[in-house]
Amino acid sequence: MAEQALSPTPSGPFYEGAVPTAWRVLGDYAGRLKVGIALRFLQAMFGGIPVALLVWVVDQLREDSLTTSEVWLVTIATLIAIAAQYVTWYVSNYLTWTNTYYAVGKARIALLEHVQRLPLGTIRSQTTGDVTTAFSTDFETASSYISNGLPALFGAVGLPLVVVIAMLFIDPPLAAAITISLIVGVPLFYWTNREFKELALIRGDRLADSSGRMLEYVQGIAVSRAFNRTTDRLSQFGRAVASIRHINTRLTIRLLPVAVLTIGVIQLGTPLAVGVITYRWFGGAIDAGTALIFLVLVLRVYGPIVALAPHIELLRLGDAALERIGRVMDLEEQATSETPTVEPQGHAVELEHVTFAYDSATVLHDVSFTARAGETTAIVGPSGAGKSTILNLVARFWDPNEGAVKIGGVDIRELTSEQLFEHITFVFQDVYLFRASVRENIAFGRPDATDAEIEAAARAAQAHDFIEALPLGYETLVGEGGATLSGGERQRLSIARAMLKDAPIVLLDEPTSSLDALNERAVRVALQALVRDKTVLVVAHRLPTIRSADQILVIEEGVIAQAGTHDELIDQEGGRYQRLWLDRERASSWRIGAAPAVAGSTAGSAEEGTE
Ligand code: ADP
């Protein structure tokens with residue numbers, strides 16, 4: 001399967017505009033959040049009660065008919081309204097915050113599960129920064145958008161809406177003036193919205209890029225130092241940071257004036273309404289008391305809307321964050337069977353007319369072969385020929401564009417990931433150790449393994465002795481920040497991990513890095529134990545491994561140039577295998593010393609050809 005780059009806007013089915021997407025993210029929690037938002041609306045209404053009472057008091061004062069008991073009543077009603085405001089505010093916040101946190105937590109896990117089902121190619125492509133930013137920053141922003149932004153929006157429009165509707169009945173010309181001033185602000189708001197969103201998306205992409213670069217910088221710091229390229233790498237990261245600064249400045253410069261203008265236009269509604277009220281009072285259409293009441297009401301219209309200003313940015317950033325999350329959610333998952341429908345018959349591995357490209361360039365062309373069960377198939381050929389790619393396809397890190405990979409006669413796409421996982425173990429050249437104890441690292445493929453089983457695997461992998469010599473033995477922390485292990489020791493740990501898993505098919509990328517003689521021998525003995533009686537596909541570099549293989553595939557430029565055993569191939573005059581073998585023999589002639597081969601060969605005194 002080819003890598004999928006993140007598409008620029010517009011995005012796929014996940015994002016359907018900020019509010020619908022927010023409801024989607026909320027899932028089962030949407031109902032409670034709606035109640036929370038309705039309560040926020042109600043809270044705004046309760047905020048209107050003291051104003052309505054004030055209007056009524058002013059009216060009574062004007063007519064000079066206010067009694068002491070009425071004053072008491074108004075005071076108590078005001079107190080109750082304020083108390084109700086606090087209660088609704090509390091319940092509303094409780095509902096919106098807690099449910100948002102639950103929902104966003106669930107959505108984060110859903111994203112993680114989705115990422116796990118993506119083809120490895122997609123994860124390894126330039127989307128790494130996007131995926132990490134979606135998990136961290138974008139979800140954080142979306143969370144504030146849902147828990148604060150949306151309720152603030154509904155809370156802010158609640159009261160003004162009611163006042164305008166009430167006004168429509170009391171004094172239509174004034175209601176019309178207020179409505180016009182609000183409507184003028186709407187296109188401006190939408191216009192700035194679009195501009196802002198576009199820039200916010202670019203900003204998100206740049207943030208993702210810089211976090212990707214930062215990770216790369218930290219992970220590669222040893223290499224950068226070794227090659228004295230730290231300044232170089234740092235300046236690459238510096239450029240990413242500078243581009244964020246640039247986009248933030250652009251956001252500010254381009255949007256601040258329009259944002260101020262939008263709020264300004266809406267606020268201009270106040271003098272407009274004051275003008276209309278005064279005009280109508282002078283004209284005798286309304287009396288001084290009514291004018292006063294209207295003035296108080298007008299303030300209640302514009303106040304909450306202007307107070308919304310700080311939340312508007314949050315709404316827009318949240319919108320962009322949801323869209324960015326959507327872009328990751330919309331990446332196509334690797335199709336896999338959910339429940340086991342077929343069981344592989346045996347442990348042979350077959351490639352049937354496999355054609356594959358990581359991106360545009362085809363790496364494997366119509367490759368077909370069978371690696372028989374219990375036999376070793378050595379894959380050899382020049383660097384870049386497509387050898388590791390074959391292993392990647394058998395492990396289903398990628399899917400072929402054409403043809404099929406089969407295990408025990410079953411297309412691996414028809415297997416569940418558990419079935420595939422049970423059948424295959426992969427020993428990589430670059431050993432990845434998790435930040436955990438030696439025990440946990442070995443038991444990674446079989447967490448339920450007993451201590452005795454773990455130790456047996458370590459012994460078979462020639463790792464027990466050096467593990468015992470570590471400060472805390474099997475409990476020693478390794479991986480990032482843990483004990484430092486040599487290359488050979490790391491390799492033996494990864495072999496112990498594979499031994500413990502004991503899958504019938506072993507995919508082995510034979511280590512090319514040179515180890516000291518002791519480690520070398522130990523790794524070789526460990527590998528020998530690992531591959532015994534297994535179906536082995538090995539990208540082979542060592543001559544003994546190649547010589548003893550049951551089948552050798554010579555890969556060149558993505559096709560099988562030759563196939564057969566060593567004895568069959570070595571005599572084919574001028575053949576690629578013969579050339580390869582002689583080259584490697586020459587390259588390794590400086591080193592003499594018989595040693596057991598990976599696949600159990602006793603043949604071969606020439607040693608260690610690496611590419
Ligand atoms: P070999 O193992 O024979 O050295 P590979 O199978 O690793 O060769 O690579 C075959 C070709 O595919 C090379 O041209 C390599 O650059 C390319 N390639 C390998 N991995 C990737 C990848 N993840 N994305 C894109 N191209 C890749």
Side-chain angles (χ1 to χ4, degrees), residues 1-6 115-131 212 215-216 219-220 331-334 349 351 353-369 371 376-403 405 412 424 426-432 491 494 506-514 527 536-543 545-546 549 551-563 569 576-577 579-581 583-584 587 598 608-611:
M1 175 158 312
E3 288 170 4
Q4 307 168 47
L6 277 190
V115 168
Q116 275 173 349
R117 287 192 292 263
L118 290 176
L120 201 69
T122 309
I123 302 173
R124 283 206 183 153
S125 66
Q126 68 272 35
T127 60
T128 322
D130 280 286
V131 173
L215 269 173
E216 201 181 52
Q219 281 167 351
L331 291 171
E332 201 184 317
E333 290 183 4
Q334 199 171 36
V349 176
L351 260 71
H353 302 291
V354 165
T355 295
F356 173 74
Y358 287 103
D359 32 53
S360 53
T362 304
V363 175
L364 296 179
H365 307 263
D366 195 20
V367 171
S368 297
F369 69 87
T376 294
T377 299
I379 306 171
V380 299
S383 186
K387 304 183 294 295
S388 308
T389 304
I390 293 179
L391 298 194
N392 287 339
L393 294 184
V394 178
R396 221 187 154 199
F397 292 156
W398 281 269
D399 283 335
N401 300 80
E402 283 168 41
V405 178
I412 56 175
I424 282 181
F426 203 138
V427 180
F428 298 92
Q429 265 208 47
D430 304 323
V431 178
Y432 188 82
Q491 269 163 13
S494 89
V506 176
L507 306 178
L508 174 62
D509 207 348
E510 201 173 39
T512 50
S513 50
S514 12
L527 284 174
V536 184
L537 256 82
V538 50
V539 170
H541 305 290
R542 295 187 169 91
L543 299 181
T545 314
I546 302 172
Q551 173 179 230
I552 299 163
L553 304 173
V554 184
I555 309 290
E556 264 197 5
E557 295 183 6
V559 295
I560 299 181
Q562 277 182 304
L569 298 178
R576 295 177 199 283
Y577 181 75
R579 228 181 307 142
L580 205 92
W581 179 267
D583 278 354
R584 291 199 177 177
V598 167
E608 304 323 304
T610 55
E611 289 172 352

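Numbering of ligands and ligand atoms starts at 1, following listing order. Computed from a predicted structure; not experimentally measured.
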*What do the steps show when you test T376 against V538 for side chain to side chain contact (heavy atoms under 4.5 Å, CB included), and what is the final call?*
CA-CA 7 Å; T376 294; V538 50; 3.8 Å; yes
*Would you mind listing which atoms of ligand 1 come within a distance below 4.0 Å of any non-hydrogen atom of P382?*
3 (O)
*How would you list, by chain and number, every residue that makes a side-chain hydrogen bond (donor to acceptor under 3.5 Å, both in side chains) with T389, sequence neighbours excluded?*
Y358
*asked:* For the 3.5 Å polar cut-off, considering only N or O atoms, please tell me whether W398 and ligand 1 meet it.
replied: no
*Non-hydrogen atoms of V363 versus ligand 1: any pair closer than 4.0 Å?*
yes
_Please confirm whether S383 approaches ligand 1 to less than 4.0 Å, judged on its heavy atoms._
yes
*Would you please name every residue forming a side-chain hydrogen bond (donor to acceptor under 3.5 Å, both in side chains) with E557, sequence neighbours left out?*
none
*Please say whether D359 places an N or O atom under 3.5 Å from an N or O atom belonging to ligand 1.*
no
_Reference residue V554; test side-chain contact (heavy atoms from CB on, under 4.5 Å); the match among V559, V380, I560, I546_ = V380
*Side-chain donor/acceptor of E510 to backbone N/O of H541, under 3.5 Å*: yes
*Keeping the roles fixed (side chain from K387, backbone from I555), state whether a donor-acceptor pair exists under 3.5 Å.*
no
_One residue to check: T389. Relative to ligand 1, which of side chain, backbone, both or neither has a non-hydrogen atom less than 4.0 Å away?_
both
*Any N or O of A385 closer than 3.5 Å to N or O of ligand 1*: yes
